[in-house]
Amino acid sequence: MIELLRDLVRWLTSGSQWSGPDGIATRLLEHLQYSLLATLVAAALALPVGLVIGHTGRGAFLAINLSGFGRALPTVGLVTLVFLASGLSMWPVYVSLVALAVPVIVTNTYAGMAAVDPEVRDAARGQGMRWYQVLFQVELPLALPLIMTGLRLACVQVVATATIAAYVSFGGLGRYVFDGLAQRDLVQVLGGAVLVAVLAIALDLALAGVQRLLFRNRPPRAHAH
């Protein structure tokens, strides 16, 4: 075990391992590209759905059960299905990653909207605010911390799952895992796994820092009774 850890450290710190088209730096940038693009697309699709469900109260059953659907989604199976339909491209990877991230964002967005005190909504309407003013000027600012938490969770899940790009012969840090398994190179497999874990933790910490910075002077938010 000690020898394996030494080999892993050498693999991770070798200068040659970080350079070139197959180097860690290139694979890291590819992984980030897949992950961030998929998270942005998922947010563009899921945020409006969660906001509408939270504002109207309709479709709450869908929002609640989407979380369980996301956990049960067989990502590799979905990649294979889309791959068979679309051929060799990045589409299977992006479709699968977006499908993984959407339920988390919808669920947290709905939860944030549902937690807004009904009296706050009523007071806003009593002042003559229209529905869209209530939504964007009252409900959304109060729901934003939970929405940001949903985006953080989705991003971390996508980063951890983006290794599937290598499953259909594309890049990213998953390349080390799949190539290592094919070559029976345990050090390469562990190296890829460690890099993915470190990237996921680093992104989560960075997003958590941004979240704290945005809401550090925020008064306690209202909760539903």
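Just so you know, residue 1 is the first one in the sequence shown, and it goes up from there.
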Got [X] and [Y] here, is their nearest side-chain heavy-atom distance under 4.5 Å?
X: Q33; Y: L29; result: no
X: L4; Y: L190; result: yes
X: L37; Y: L97; result: no
X: R121; Y: V116; result: yes
X: M148; Y: R152; result: no
X: V196; Y: Y176; result: no
X: L12; Y: L195; result: yes

For [Y], does its backbone N or O pair with a side-chain atom of [X] as donor and acceptor, under 3.5 Å?
X: R27; Y: G171; result: no
X: H31; Y: V159; result: yes
X: Q211; Y: P145; result: yes

[X] versus [Y], closest heavy-atom pair with distance:
X: I105; Y: L151; value: CD1-CD2, 3.8 Å
X: A46; Y: V102; value: CB-O, 3.7 Å
X: Q133; Y: R130; value: OE1-N, 2.8 Å

Relative to the ring of Y34, is the ring of Y94 parallel (under 30°), tilted (30 to 60°) or perpendicular (over 60°)?
->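 Rings of Y94 and Y34: perpendicular, as their planes differ by over 60°.
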Measure the acute angle between the ring planes of W131 and H55, then classify it against the limits of 30° and 60° as parallel, tilted or perpendicular.
->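 Rings of W131 and H55: tilted, 30 to 60°.
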Neighbour count above 12 (heavy atom, 6.0 Å) for R58 CZ =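 Counting neighbours around CZ of R58, 12 or fewer heavy atoms of other residues, nucleotides or ligands fall under 6.0 Å, so no.
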